[in-house]
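A note on names: the letters A, B, ... follow the listed sequences, proteins ahead of strands, and every chain is numbered from 1.
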2 protein chains.
Amino acid sequence: MEFIVNDFWQGEFTVNEPGIYEYTIEAMVDHLTTWWKDIQKKATGSDNLTVDLKNGLSLLAEVVLKIEEADKKVAIQKLITLIQRGENQEEIIKLLKKELNKEFLKKYPLPNHITHYDKNLRVIVDRKRAGFSAWYELFPRSCSSKPGAHGTFRDCLNWIPEIANMGFNVLYFPPIHPIGETHRKGKNNTILANSDDPGSPWAIGNKTGGHIAIHPRLGRLEDFQEVIKKAQEYGMEIALDLAFQCSPDHPYIKEHPEWFRWRVDGTIQYAENPPKKYEDIVPFNFETENWRGLWEELKNIVMFWIKQGIKIFRVDNPHTKPFLFWEWLINLVKKDYPEVIFLSEAFTRPKVMYRLAKLGFTQSYTYFTWRNTKQELTDYLIELTQTQVREYFRPNFWPNTPDILSEYLQTDGNPAFIIKFILAATLSSNYGIYGPPYERFINKPLPGKEEYYNSEKYEIKNWLSEEVKENIRDLFATINRIREENSEFHQTNNIQFLPVENNQLLYFAKFNEERNNAILVVINLDPYYTQSGWVKVPLYELGIPPEQSFLAHDLLGGGQYVWQGEYNYVELNPYVLPAHIIKIKKYLKRENQFDYFN
Amino acid sequence: MEFIVNDFWQGEFTVNEPGIYEYTIEAMVDHLTTWWKDIQKKATGSDNLTVDLKNGLSLLAEVVLKIEEADKKVAIQKLITLIQRGENQEEIIKLLKKELNKEFLKKYPLPNHITHYDKNLRVIVDRKRAGFSAWYELFPRSCSSKPGAHGTFRDCLNWIPEIANMGFNVLYFPPIHPIGETHRKGKNNTILANSDDPGSPWAIGNKTGGHIAIHPRLGRLEDFQEVIKKAQEYGMEIALDLAFQCSPDHPYIKEHPEWFRWRVDGTIQYAENPPKKYEDIVPFNFETENWRGLWEELKNIVMFWIKQGIKIFRVDNPHTKPFLFWEWLINLVKKDYPEVIFLSEAFTRPKVMYRLAKLGFTQSYTYFTWRNTKQELTDYLIELTQTQVREYFRPNFWPNTPDILSEYLQTDGNPAFIIKFILAATLSSNYGIYGPPYERFINKPLPGKEEYYNSEKYEIKNWLSEEVKENIRDLFATINRIREENSEFHQTNNIQFLPVENNQLLYFAKFNEERNNAILVVINLDPYYTQSGWVKVPLYELGIPPEQSFLAHDLLGGGQYVWQGEYNYVELNPYVLPAHIIKIKKYLKRENQFDYFN
């Protein structure tokens with residue numbers, strides 16, 4: 001380890017393969033180095049160091065036993081003899097300087113009073129997709145082109161090229177399993193379903209099967225395999241939902257009644273968050289005596305889908321299950337399949353979200369959905385990227401989900417959808433959208449709520465009959481291409497907020513690895529009015545002299561601006577394009593580079 | 001524990017007696033409280049809760065077994081019967097509300113899935129002097145009134161009333177033990193001493209004794225006892241020096257040669273910090289095989305002086321001895337004598353100083369000596385008082401010591417002495433001065449060093465023949481009286497820096513316990529020029545309306561200023577008095593309080 005400053009020491013090692021690594025620290029007294037340092041300090045004076053040198057003989061005799069290289073061994077032995085004989089001091093110190101270099105002292109320490117740090121520290125190394133992903137959420141049952149028909153995996157196949165063309169690389173399906181009939185919810189979460197209501201996909205299980213079965217109307221396992229394969233061909237991965245809960249018709253309830261809570265009247269305890277009731281869903285009782293059996297079974301579910309080729313899971317409400325369970329499960333899975341990614345859908349208190357990340361979740365949903373103003377976005381991003389949180393929590397930014405239609409999207413018109421999308425895709429290297437309603441700017445809520453009116457959770461949609469708005473798919477494609485092509489967007493923690501005096505403009509740099517160049521992003525947060533301001537370009541960090549002109553190339557709008565000096569003007573109309581994504585070209589060609597110059 | 005915010009919980013307990021206390025935390029699932037909370041939430045609707053109520057019967061049956069109060073037991077048993085019978089729901093809930101109150105649920109928890117925090121946390125409770133002290137350092141050997149004579153404890157007796165009158169409450173003596181003769185240092189740390197040079201008091205031990213002996217020329221143990229007694233009568237405590245090192249003549253060297261390092265030529269290893277040499281001092285070798293014997297003996301030294309009535313120790317260079325040794329020693333001493341105070345003289349790296357504080361040192365020297373500008377002082381005080389450091393590190397501010405005559409005091413004229421004194425005594429509730437040279441504004445250094453020329457460490461001074469400058473003793477007395485009378489100065493962490501636009505003015509508030517009043521301190525840091533500025537009074541925190549006039553009473557200079565509004569003018573001449581210490585009287589008397597008003 002190397003000394004940095006103020007008792008901070010730094011060491012490094014490289015971990016190339018995905019997996020979980022452990023390391024710890026040990027410290028010791030290094031008498032040989034101390035002796036040699038002191039000799040060097042004393043040697044600047046005129047003192048006779050014969051005794052001081054002899055004081056080190058026992059240390060040299062000890063180290064000589066360890067040396068592997070024959071030459072080196074001889075050299076040190078010779079030094080020992082010279083010191084014993086009291087030969088010329090300057091000559092000895094010159095030789096010591098040659099032999100006792102840093103590498104040697106590091107290679108052959110004489111450990112003394114070794115102290116071990118009492119913890120084993122973990123590094124979880126994930127594959128690249130864990131740090132850089134663009135998710136698209138889709139209900140397979142709404143993929144049919146026939147109005148009212150239940151979509152199938154075969155229907156999904158047609159969607160794959162289009163979603164891939166927009167640049168998404170994770171296609172996420174809500175649960176694909178059989179849905180319960182008892183207490184099935186109707187349209188808009190009503191208590192009584194009609195006979196043709198399909199029910200919520202999260203009410204998992206009926207007589208045809210549970211968490212490892214496929215909803216019969218979606219198709220068979222072979223059909224699902226084809227979806228996985230076609231997605232792969234188009235550079236996408238399929239992500240599945242892990243919702244560890246049951247409908248009242250799930251086979252587990254008869255097979256393992258001890259995994260559930262029963263009321264005194266003999267009925268099963270459904271999910272509640274008083275006064276809210278989820279009569280169609282039954283939670284597992286993790287306090288069951290037979291928790292080992294339950295844990296084992298849940299692990300088997302994950303292993304089953306991994307064996308089908310699924311390597312990404314979006315985990316439903318992990319915060320309502322024990323931390324210890326997740327720690328056990330994720331560690332176990334990662335031991336054999338370090339490439340597996342777990343996205344935590346825990347919309348809960350920050351410490352709980354962070355704890356889930358620490359114990360092993362790869363990515364997490366965030367509060368981004370509710371962060372709208374410049375101050376809110378800046379504060380939140382600083383918490384995520386400039387504090388200790390960055391060491392363990394990988395955010396995944398979602399503007400919407402089937403559960404959440406935020407007030408910002410409800411009230412702020414179509415540009416709001418574009419602004420929120422650009423924010424998600426540029427602020428975070430991992431982001432996702434619940435796609436079909438987003439492309440259609442659907443913003444009608446249940447009155448007074450942040451939920452979709454006629455939510456797809458309770459009915460089948462026929463998206464193909466509803467028009468996609470304007471050219472939003474082109475925008476998705478452009479931004480995803482910019483993200484793909486510029487490594488500045490492949491991580492989240494390289495963000496730095498920069499000054500612009502207009503509070504409706506969010507302005508930040510995404511620095512490259514070497515921190516000598518950056519992409520500058522300016523976003524107009526106001527979905528109604530054109531906003532303008534003078535953005536401060538970080539010339540010093542970029543290494544651009546203040547008097548030198550440079551090129552600001554807007555990768556999004558295509559504009560190329562010749563800028564000079566720290567402050568430069570931007571103006572953004574939300575009805576045209578609410579953002580610049582600016583690549584800096586530090587040097588403009590000058591007359592002496594012109595072919596005919598001379 | 002009570003919930004605060006964001007998963008922070010708070011609990012409190014009171015520790016009245018000095019000592020070391022341990023606490024830890026356990027958490028559990030509280031099913032009874034959860035059940036009752038849910039019942040209350042559900043009861044707001046029109047649902048039939050018969051089954052929900054019955055679900056709680058087993059919990060109520062469990063709790064009823066624990067209840068001690070007969071009435072309460074009967075009441076809960078009655079409730080159980082009512083629930084079993086399915087009696088009127090509203091009636092039952094009304095009764096539950098009465099019985100299952102917070103106190104009851106706290107008193108009779110039904111522990112389930114108990115988790116223990118894996119640490120035992122410590123609170124060290126010290127007596128008040130640990131948090132509020134004014135130290136005066138004095139070499140007893142320089143107390144004689146006869147020029148050139150070796151001072152005695154009897155001479156010291158005459159000094160006590162004067163030092164007490166200045167308001168100091170700890171009188172600290174450098175080591176009072178026999179001094180070695182071998183390699184004794186001469187004036188200004190020269191290698192060869194003259195026969196009449198007294199040697200450094202830190203070169204402890206000769207044939208007449210070691211760490212539990214008294215230097216024969218200072219007097220006998222009985223004389224020292226008298227000093228302790230007289231100091232006590234004047235409200236002062238004597239602090240002794242614990243310097244765990246020896247002169248080459250210390251009896252230990254013959255009795256326990258294994259406690260020291262020996263060179264190959266058979267000579268003993270003296271203290272070195274290459275290229276510096278301390279030939280008159282021999283360090284203990286804490287890596288000795290017989291470390292148990294060494295630790296035991298050092299403990300005996302401390303116990304010996306404690307039994308003589310010494311309860312305050314200034315510990316010399318604790319950072320050159322093992323952390324584990326101090327942890328063991330301080331814990332052991334405090335077990336029987338929790339009133340003992342250890343001041344750590346570790347002028348070393350911050351993490352080491354903080355570690356010593358964490359392991360048990362009561363107070364510590366600081367970098368205050370080298371903090372001069374407003375920015376430096378503010379940054380340092382914020383680190384000490386507004387970060388985690390405040391939880392374990394109790395600073396003791398010293399403008400000078402026998403080892404340190406700072407550049408600020410060397411070059412900045414007499415007002416520098418006054419400014420640095422006021423800073424020490426107002427910024428920190430614990431402070432001290434190396435008194436006799438401070439009172440005489442002695443500022444001649446060894447050229448290019450921060451050490452005194454003709455340092456008292458190597459010679460006997462005859463202070464009584466040198467005049468005390470101006471009225472500095474009155475200033476000491478005034479400031480110590482202000483500190484004594486105003487509890488705002490009895491702690492250090494209640495400081496808050498406040499705005500004044502002049503960078504030569506340091507301006508801060510010392511808030512009272514209730515945080516509804518404060519003493520405002522303004523100090524001119526410039527020892528040459530009068531400085532002025534508009535200080536911002538924290539009206540909101542003090543609860544003074546902006547339009548209301550109030551009285552600013554300068555406890556130091558005596559001035560009484562009628563102020564109004566946030567910004568008020570101050571002007572400080574370093575040659576008159578470089579500081580205001582302002583007590584705020586919030587309400588001025590008005591006409592309607594005038595006796596004849598009617």
Worksheet item: Relative to chain B, which segment of A:Lys277 carries a heavy atom at a distance below 4.5 Å: side chain, backbone, both, or neither?
Response: side chain
Worksheet item: Say you draw a straight line from CG of B:Leu60 to CG of B:Asn55; how long is it, rounded to the nearest 0.5 Å?
Response: 11.0 Å
Worksheet item: Roughly how far apart are A:Met353 CE and A:Thr366 OG1, rounded to 0.5 Å?
Response: 6.5 Å
Practice prompt. Using a cut-off of under 4.5 Å on heavy-atom pairs, state which of B:Asp52, B:Asn112, B:Val352 scores highest against chain A.
Written response: B:Asp52
Worksheet item: Taking all atoms of both residues into account, what is the closest heavy-atom pair of B:Tyr380 and B:Tyr367, and its distance?
Response: OH-N, 3.0 Å
Worksheet item: Between A:Lys78 and A:Glu87, does a salt bridge (charged side-chain N to carboxylate O under 4.0 Å, His left out) hold up when you go through it step by step?
Response: CA-CA 11 Å; A:Lys78 187 186 150 195; A:Glu87 299 279 349; over 6 Å; no
Worksheet, complete the sentence: Interface check, chain B: of A:Arg349, A:Lys37, A:Arg261, A:Gln40, most non-hydrogen pairs under 4.5 Å belong to A:Arg349
Worksheet, complete the sentence: Listed by number, the residues in residues 279-290 of chain B that come under 4.5 Å of chain A (heavy atom to heavy atom) are B:Glu287
Response to the item:
Looking only at A:Pro350, A:Ala43, A:Ser58, most heavy-atom pairs under 4.5 Å shared with chain B are made by A:Pro350
Fill in: Atom pair CD1 (A:Ile80) and NZ (A:Lys54), whose distance is rounded to the nearest 0.5 Å
13.5 Å
Worksheet item: Can you tell me how far the CH2 atom of A:Trp328 sits from the CG atom of A:Leu359, to the nearest 0.5 Å?
Response: 14.0 Å
Which atom pairs, donor and acceptor, lie under 3.5 Å between side-chain atoms of residues 317-326 of chain A and protein residues at least two apart or in another chain?
unit_1: A:Thr320; atom_1: OG1; unit_2: A:Asn317; atom_2: O; d: 2.9
unit_1: A:Lys321; atom_1: NZ; unit_2: A:Asn317; atom_2: O; d: 3.3
unit_1: A:Trp326; atom_1: NE1; unit_2: A:Pro318; atom_2: O; d: 2.8

Discussion item. As an exercise, state the distance from CH2 of B:Trp259 to CD1 of B:Ile253, rounded to the nearest 0.5 Å.
Written reply: 11.5 Å
Worksheet item: Between OG1 of B:Thr348 and CG of A:Asp7, what distance do you get to the nearest 0.5 Å?
Response: 7.5 Å
Discussion item. Looking at chain A, which one of B:Val29, B:Asp47, B:Val264 has the largest number of heavy-atom pairs inside 4.5 Å, strictly under?
Written reply: B:Val264
Fill in: Interchain contact, B:Glu272 with chain A, by part (heavy-atom threshold 4.5 Å)
side chain
Worksheet item: Where on A:Gln269 is there a heavy atom nearer than 4.5 Å to chain B: the side chain, the backbone, both, or neither?
Response: side chain
